[in-house]
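Here's the structure we're looking at; comments come further down.
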Amino acid sequence: MPFQLASNFQPTGDQPQAIEQLVKGVNAQKHSQVLLGVTGSGKTFTMANVIAQTQKPTLVIAHNKTLAAQLYQEFRDFFPTSAVSYFVSYYDYYQPEAYIPSSDTYIEKEATINDEIDKLRLATTTNLLTRPDVIVVASVSCIYNLGSPVEYGRYLMELIEGELISREALLLNLSNLQYERSDDDLRRGTYRLRGDVIQLWPAYEDTALRLDTLENKIISIDRIDPVTGSKIAEPATTPDPNQPSRAKRYVLYPAKHYVVNPKTQAESLAEIRHDLQTRVAELKAQNRVVEAYRLEQKVNYDLEMIQEFGFVNGIENYSRHFDGRKPGDPPFTLLDYFWENVRLFDTDSFLTIIDESHITVPQVRGMHNGDRARKETLIEYGFRLPSALDNRPLQFHEFQAKTNQVVYVSATPNDWEISQAGGEVVEQLIRPTGLIDPPVELRPITGQIEDLIVEIVKRKQRGQRVLVTTLTKRMAEALTEYLNDADKVRELIAQAVTKQQELDSHPDPDRTLFTGDLPVESMPIDKIDPMYHTAAVPTSDLLEAELPKVAYLHSDVETLERSDILADLRRGVYDVVVGINLLREGLDLPEVTLVAILDADKEGFLRSTTSMIQTMGRAARHVEGQVIMYADRLTGSMKLAIAETYRRRGIQVAYNQEHGITPQTISKPIRERMIEKPPEDEAAKLAKLTQKERSALVLNLSKHEQIDLAEISPDTLTPAEVTQLIPKLRRRMKQAANDMDFELAALIRDKVQELDGV
């Protein structure tokens with residue numbers, strides 16, 4: 001039983017019947033099943049039980065990195081002895097190669113690779129080729145070209161104590177595995193020489209290896225700390241007297257997923273050259289001499305790099321030739337590594353769990369077309385060979401063909417997923433804690449910020465947290481800046497207190513507050529007053545209350561920082577997080593008691609029925625959970641979302657009454673960081689300066705001349721003023737650099753570049 005589930009809890013509520021149905025379906029070789037599970041019902045625990053009972057290697061696909069990181073941590077806790085891996089895009093920043101014909105603009109590929117995530121990706125593929133008990137939590141990155149698992153698994157090196165191997169052959173093998181020599185700094189994927197000692201850091205591990213050699217023989221292999229070089233003790237084992245002692249050995253896998261086998265390299269390069277000649281002839285026949293010349297220069301350069309070093313940036317665009325695929329054949333992806341795992345360990349299949357399938361499935365379906373459109377333009381204008389089209393994500397039908405047992409998991413599954421399961425849906429509506437879906441209040445958009453601030457402050461005083469959803473990134477950032485402005489917040493609170501005092505002294509019986517008790521069709525939005533009957537805190541306390549700390553969260557925030565922001569929300573570093581659709585799925589935040597949906601009546605993707613049900617579910621992990629929708633009209637999506645929420649509430653309340661259950665807030669520890677955050681460098685600190693801090697940056701250009709750097713704008717200066725200002729700024733920049741004030745020097749440099757481009 002390689003998958004051993006470790007948990008102090010037992011399935012409760014309707015979890016046992018959901019687990020039983022899903023396990024029965026997997027054992028019956030059903031291709032597709034659907035689990036409709038409300039937020040907080042323990043869907044992850046249910047799926048962990050399914051994995052433990054079916055004993056299948058499992059791929060869990062999530063639609064964003066934040067959710068994938070959370071699932072990775074949860075499955076790692078459930079299966080501490082298994083190989084739980086994290087596989088997402090390793091780019092912190094990615095600008096794909098592109099060409100814009102209308103302006104004759106070529107955009108070169110530019111990317112910042114996260115070394116930690118790259119390590120986790122390499123560890124994933126290594127685990128799949130070496131262990132049967134593998135669970136991989138991945139984003140849609142799992143459908144992108146990764147290189148052949150057969151070639152990757154074949155192209156390895158076994159290091160054995162006592163082995164006779166020449167030093168030259170050993171170093172040559174390391175180079176073939178894409179390990180680079182580094183005489184100074186030992187980094188992942190590098191090795192360095194110290195006399196007869198070779199220090200080697202596998203690209204997929206946190207520890208390094210020390211190989212002691214003498215006269216073409218490996219004397220010893222030890223694990224070491226890559227920073228200090230000190231030896232790390234191996235786990236103690238009891239020797240078996242019936243078995244002969246075995247020499248210590250280590251299997252080293254490549255440092256990159258794209259490896260070129262020297263045995264087939266010549267054939268592959270010849271094939272690429274043939275394709276190049278064919279394509280160049282086509283372009284010249286069309287009298288497109290510039291495109292032909294451009295392509296010839298680029299491809300020949302790439303081929304020389306591959307021939308000399310075995311690698312070149314963009315080598316994946318030639319992957320079809322190295323993989324031995326035919327034009328149009330699907331690329332090798334992480335799914336192929338799973339099938340290789342099935343073959344190696346003789347299991348019948350692997351299990352695929354698509355979490356939040358209502359979002360993830362459309363993502364998988366849409367990846368191919370966008371990628372192809374960009375590459376077709378590059379090929380048309382001579383930047384790439386036609387074979388670059390085969391470096392692509394899977395098409396949706398190819399993805400379906402490579403996943404033979406799928407469980408779609410969502411609180412709001414789409415009709416397509418349900419149809420794949422033959423109309424059968426496994427429902428999981430009861431939460432183990434007895435919590436019910438939150439009540440919904442409607443309030444008008446007029447005065448929504450004033451009302452929202454009052455609600456936030458009330459929860460701040462109770463030590464609770466708030467999520468706010470907006471429609472755009474700009475709105476999220478602007479609202480965050482506004483809520484962090486103490487003077488503006490104090491002013492709005494004073495206005496709210498004054499209004500409440502007037503309402504208390506002159507009550508209006510026609511004014512009301514919708515709390516979900518009225519029929520959906522008769523919601524009197526025009527009669528709703530958000531301030532009426534809502535002042536649970538004395539007005540004096542509101543005026544003197546401590547103000548909240550607010551952060552925003554959207555796709556521009558770096559991958560690993562998103563998880564940190566959410567953890568800081570739980571810790572109380574922040575009281576409010578403002579976001580867009582990233583706040584919908586998979587955020588396990590028991591401290592949140594209010595979800596506020598701004599502009600709820602703006603019909604669209606972010607305010608669809610599915611989106612709003614998911615959003616409202618974020619408040620379902622606390623007994624005081626509540627949802628406030630700010631709207632001036634009742635849309636069809638709002639009606640359906642509220643109706644479904646109250647349908648589920650009815651089932652949950654009835655279950656609690658029948659079994660005598662009192663709802664309890666979820667208690668969940670805050671996990672340690674998935675990847676330890678490195679010390680923040682000066683550039684990062686500078687980038688996080690607020691606009692207010694930046695605007696206070698005044699430069700002394702001379703004894704009698706000062707200028708505010710934030711106020712310098714090319715639009716407000718004449719060409720003559722720009723010409724005079726640039727030399728002064730450059731002198732000040734050099735002075736700052738000499739003073740080792742590199743933060744200031746970097747800011748001035750950026751401003752000079754901005755002015756110089758006018």
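In this chain, residues are counted from 1 in sequence order. Worth saying up front: this structure is predicted, and the values here are computed from it rather than measured. As a basis for the values below, the full set of heavy atoms in this structure was taken, side chains included, without hydrogen atoms, waters or symmetry mates.
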How close do [X] and [Y] get, heavy atom to heavy atom, and via which atoms?
| X | Y | value |
| --- | --- | --- |
| Ile642 | Leu442 | CD1-CD2, 4.4 Å |
| Gln614 | Ser410 | NE2-OG, 3.8 Å |
| Ile143 | Phe399 | CG2-CD1, 3.8 Å |
| Ala62 | Leu71 | CB-CD1, 4.1 Å |
| Ile449 | Tyr482 | CG2-CE2, 4.1 Å |
| Ala138 | Leu334 | CB-CD2, 4.3 Å |

Do [X] side-chain atoms and [Y] backbone N/O form a donor-acceptor pair below 3.5 Å?
| X | Y | result |
| --- | --- | --- |
| Ser611 | Phe605 | yes |
| Gln363 | His63 | yes |
| Asn145 | Arg392 | no |
| Arg465 | Pro590 | no |
| Glu398 | Gln395 | yes |
| Gln652 | Leu429 | yes |
| Asn414 | Trp416 | no |
| Arg374 | Glu97 | yes |
| Ser357 | Thr360 | no |
| Tyr646 | Val440 | yes |

Go through the steps to decide whether Ile117 and Val88 satisfy the test side-chain contact (heavy atoms from CB on, under 4.5 Å), and finish with yes or no.
CA-CA 7 Å; Ile117 296 180; Val88 299; 3.8 Å; yes
Distance-only polar pair, side chains of [X] and [Y], donor-acceptor under 3.5 Å:
| X | Y | result |
| --- | --- | --- |
| Ser141 | Arg121 | yes |
| Gln400 | Arg365 | no |
| Thr44 | Glu74 | yes |

Have a look at Thr593 and tell me which of Gln464, His622, Gln626 forms a side chain to side chain donor-acceptor pair (under 3.5 Å) with it.
Gln464
Once salt bridge (charged side-chain N to carboxylate O under 4.0 Å, His left out) is applied, what residue pairs with a partner in residues 606-615 remain, sequence neighbours excluded?
none
Any [X] side-chain heavy atom under 4.5 Å of [Y] side chain:
| X | Y | result |
| --- | --- | --- |
| Val592 | Arg621 | no |
| Ile135 | Leu59 | no |
| Thr665 | Thr433 | no |
| Thr124 | Tyr86 | no |
| Leu606 | Met612 | no |
| Asp355 | Leu67 | yes |
| Ile628 | Leu452 | no |
| His358 | Pro413 | no |

Is [X] salt-bridged to [Y], cutoff N-O under 4.0 Å?
| X | Y | answer |
| --- | --- | --- |
| Asp437 | Arg647 | no |
| Lys460 | Asp575 | yes |
| Arg571 | Glu591 | no |
| Glu455 | Arg443 | yes |
| Lys375 | Asp371 | yes |

Where do Glu644 and Arg648 land on the salt bridge (Lys or Arg N to Asp or Glu O under 4.0 Å) test, with the steps shown first?
CA-CA 6 Å; Glu644 175 62 14; Arg648 298 177 183 182; 2.7 Å; yes
side-chain contact (heavy atoms from CB on, under 4.5 Å), that's the test. Do Ile613 and Thr609 meet it? Break it down for me.
CA-CA 6 Å; Ile613 291 175; Thr609 300; 3.8 Å; yes
Val409 and side-chain contact (heavy atoms from CB on, under 4.5 Å): which single residue from Ile353, Leu36, Ile61 fits?
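It is Ile353, the one option of Ile353, Leu36, Ile61 that forms the side-chain contact (heavy atoms from CB on, under 4.5 Å) with Val409.
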Identify which one of Leu547, Val576, Asp451, Val489 satisfies the side-chain contact (heavy atoms from CB on, under 4.5 Å) criterion when paired with Ile456.
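Exactly one candidate clears the test, Val576.
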Going from CE on Met616 to CD1 on Ile597, what distance comes out if it is rounded to the nearest 0.5 angstrom?
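The distance works out to 6.0 Å.
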Atom pair CD (Gln428) and OG (Ser41), whose distance is rounded to the nearest 0.5 Å:
4.0 Å
With sequence neighbours left out, write down each residue that passes salt bridge (charged side-chain N to carboxylate O under 4.0 Å, His left out) with Glu376, or none if nothing qualifies.
Arg372
Could you walk me through whether Ile580 and Leu471 pass the side-chain contact (heavy atoms from CB on, under 4.5 Å) test, one step at a time?
CA-CA 6 Å; Ile580 318 168; Leu471 288 172; 5.9 Å; no
For atom CD of Glu624, decide whether the heavy atoms of other residues, nucleotides or ligands shown that lie under 6.0 angstrom number more than 12.
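Above 12, so yes.
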List the steps and the verdict of side-chain hydrogen bond (donor to acceptor under 3.5 Å, both in side chains) for Ser103 and Thr105.
CA-CA 5 Å; Ser103 59; Thr105 303; 2.7 Å; yes
Applying salt bridge (Lys or Arg N to Asp or Glu O under 4.0 Å) to Lys751 and Glu754, what does each step give before you reach the verdict?
CA-CA 5 Å; Lys751 185 60 69 175; Glu754 182 183 351; 3.3 Å; yes
Is there a side-chain contact (heavy atoms from CB on, under 4.5 Å) between Asp77 and Val84? Walk through the geometry before answering.
CA-CA 9 Å; Asp77 292 345; Val84 181; over 6 Å; no
